[in-house]
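Read the structure below first, then the notes.
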Amino acid sequence: MRNAEIADAFTELADRLAIIDPKPYRWMAYRKAADTFRDLGDSVAVLSDEGRLGEVEGVGPAIEEKVRDLLASGTFKALERAREDVPDTLLALTRLPGVGPATAKKVHAALDGESFASLTARAAAGTLEVGDGITRKIIDALAAAHAASAANDGDGGGAASASGIPLDDAGAPIRGPWFRRDQVLSIAGMLEELLPTTVRAPRPSGAYVRGAELVRELCVLAEADDPVAAADEVRECLAARGWEHADDGAPLERLAGLAAEQAATLQLVSPAGIPVELVIADDASVELVEHRFAGPAAWAAREPKPPARGRRIPFELRERVLAGELDPKDVPKDLVTAAHMRGELHAHSDWSDGRAPIIDMARAARARGDEFFAVCDHSAPYAMVNGLDPARLQAQADEIASANEQLQREHEEAGEPLLRVLRGTELEILADGSLGLPDSALEQLDWVVASIHVQQRQSAAAIIERMRRVMENPLVDAIGHPTSRRMLVRDRTALDVEQLIAMAVEHAVILEVNANPDRLDLDSDQARMALAAGVRLTINTDAHRPSTLALRDHGVAVARRAGARVGDVVNCLPAEELLAGRRRNR
DNA sequence: GCCGTTTTCGGCCCGACTGTTTTCAGTCG
């Protein structure tokens, strides 16, 4: 069993217990253990077998035993009990905005076993009455959940919001189910482990490699000497691991005309229910298959064979070319790539709500090839995440200085590449547009990214006024996750992005493409508008732990879809140049 | 539940807004 699956079991346990357990520290311990498992470099299953799981931070005898049971039987008693005590309907109710455990329990108690799907359907149809703890606000939230889930999966129990779901020409959400990029990528990793050795080099394809922010299925391309025989082998070994195959080799539209000997197609469903299209190509056909499989279907029709290398349109720009928004001869030659990125300009440490010390984050960034790393912990007065006030920010400077000394030693003595840790902040933008730190504190910093976390439901006028005040301060370098959307979870603020872009031009403020697949904010359309207006971008992971530094690729994909060149992205500058070019130095 | 230790139990995660069971519990970030 993979670490992620074990982590999911403890997250589920914590989520359910959080609703009924008056003692928060127990389920908080489960949640902490889940996070630790998800991020652990070693296999939880192996550590458990070796009896060494107790050595892991946050794992004591009780959790160790639960993991043992989980590995042996696929579940454990506490989880089963939580599933009985907290039914799915109750759990779903608490995920409505504005509804917490207390309200959910009151509503659920009056329900008489009605499912969440039925409840949301009645709310949407207008046949749900106020009463029995059900307020007008709850009915509205249920109706919104119904609309979101209709867009996302149609089964009535899905996403809390349609945030991020693409719209059709008529402006209606395109029917899902939709999945985040990290969700499908983890499936790709799982698949890679399961495939027989005759199947080589599995890699994502389809909408994922076109930089789509949400996808409806995972496309995986792999290679084998004999695709037909390999497909049979795959079918057999995946069936044994709980994967279903929906269809045998039904040809995909964009692969029409290819012989089965060239490309065998398997339509699979992962154990978590995510559809996977696996195409296995032989050596002679793989280039052609990759060209067509990346899609969309209209591209394969327009260009059935891959052109010479120098004339290829990057996958991420195909849809814009098809839409007539981009002339093939105007496709930039210097589109940004992950390899161009020199550093991270928005990530956290354990000084605020991050999980790792500064030195660990810095080493992880260095291992990924970065030259600089800006520690941007939350600022005051964001208390829940332990935001730093000027005094703590000053104290953090000492730790950053010693981290830099340590990294310098590792460079000189162990031949490690040199990485420079920069002093930064994720500065809190307050409700009236004032800032969480005084200028005297900001003046000492190398990098200031300002973000909105509180009062997200303000009117468009209030939000833009807030942004205007922030941007007028020359000590602010960039705006982080400008619209504050959470993919499939929470709608964006009422921010007028066009107006924001105009102000960014006026004040030379950099806008972030937050690379976390939970955000992807700005999105590719907004980033494209920003670039067209002459705004520079910064692509950042917003990592709270070492492993999430890997999320950068999602942000790079979105920026490429927006047509960002190397020169448009400030993370591609050497640190000295980046710092010398800040607004405050102009 | 875990941790650290004062080895046996107390600390761990806070402040502000919301809305109506109208004065604070519930919810959020």
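Note on naming: letters A, B, ... go to the chains in the order of the sequence lines (proteins, then strands), and numbering restarts at 1 for each one. Just so you know, these numbers use all the heavy atoms, side chains as well, and skip hydrogens, waters and symmetry mates.
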Nucleotide of dG29(B), dG26(B), dT18(B) approaching Thr103(A) most closely (side-chain heavy atoms): dG26(B)

Met384(A) side chain, from C-beta outward: closest of dG1(B), dG29(B), dG26(B): dG29(B)

Nearest-angstrom distance, P atom, dC13(B) to dT18(B): 27 Å

Protein-nucleotide distance (Asp432(A), atom CG; dA16(B), atom P), rounded to Å: 13 Å

Touch class at under 4.0 angstrom, heavy-atom based, for Pro381(A) against every strand present: nothing

Nearest-angstrom distance from the residue atom CG of Leu79(A) to C1' of dG1(B): 16 Å

Tyr25(A) over dC2(B), stacked by centroid distance under 5.5 Å, angle under 30°: no

Whole-angstrom distance between dT5(B) and dG10(B), as gauged at atom C1': 11 Å

Value in whole Å for how far the P atom of dG1(B) lies from CZ of Phe37(A): 13 Å

Per Arg457(A) side chain, nearest of listed nucleotides dG15(B), dG26(B), dC28(B): dC28(B)

Sugar-phosphate only, base, or nothing, as touched by Lys105(A) at under 4.0 Å among non-hydrogen atoms: nothing

Interatomic distance at P, dC17(B) relative to dC12(B), whole Å: 25 Å

Sugar-phosphate only, base, or nothing, as touched by Leu96(A) at under 4.0 Å among non-hydrogen atoms: sugar-phosphate

Residue whose nearest DNA chain B nucleotide is more 5′ - Gly60(A) or Thr135(A): Gly60(A)

Asp477(A) side chain near Val509(A) side chain, heavy-atom distance below 4.5 Å: no

Parallel, tilted or perpendicular: rings of Tyr30(A) and Phe10(A) (30°, 60°): tilted

Conformer about C1'-N of dT7(B) - syn within 90° of 0, anti elsewhere: syn

Atom-pair distance (CD on Glu64(A); P on dC3(B)), nearest Å: 11 Å

Spacing of the P atoms in dC28(B) and dT23(B) (rounded, Å): 23 Å

dT18(B) OP1/OP2 closer than 4.0 Å to side-chain N/O of Lys137(A): no

Which nucleotide in dG15(B), dG26(B), dG29(B) has an atom nearest any side-chain atom of Ala102(A): dG26(B)

Donor-acceptor pair between Ser524(A) and Glu213(A) side chains, under 3.5 angstrom: yes

Touch class at under 4.0 angstrom, heavy-atom based, for Val59(A) against every strand present: sugar-phosphate

Flag side-chain contact, heavy atom, 4.5 Å: Val375(A) against Glu426(A): no

Sugar-phosphate only, base, or nothing, as touched by Arg490(A) at under 4.0 Å among non-hydrogen atoms: sugar-phosphate

Below 4.0 Å: OP1/OP2 of dG1(B) and any side-chain N or O of Tyr30(A): yes

Nucleotide forming a Watson-Crick or wobble pair with dT8(B), both distances under 3.5 Å: none

Aromatic ring pairing His544(A)/His378(A), orientation class (parallel under 30°, perpendicular over 60°, tilted between): tilted

Side-chain (Lys105(A)) to main-chain (Ile19(A)) donor-acceptor, under 3.5 angstrom: yes

Among dT18(B), dC14(B), dG1(B), the nucleotide that comes nearest once only the side chain of Gln455(A) is considered: dT18(B)

Interatomic distance at P, dG15(B) relative to dT20(B), whole Å: 27 Å

P-based separation of dT8(B) from dG26(B) [nearest Å]: 38 Å

C1' spacing across the pair dA16(B) / dC9(B), given as an integer number of angstrom: 33 Å

Test item: Glu512(A) side-chain N/O and His481(A) main-chain N/O as donor-acceptor pair under 3.5 Å: yes

Sugar-phosphate only, base, or nothing, as touched by Pro101(A) at under 4.0 Å among non-hydrogen atoms: sugar-phosphate

Nucleotide of dG1(B), dT18(B), dC28(B) approaching Arg26(A) most closely (side-chain heavy atoms): dG1(B)

Atom-pair distance (CD1 on Ile134(A); C1' on dT20(B)), nearest Å: 17 Å

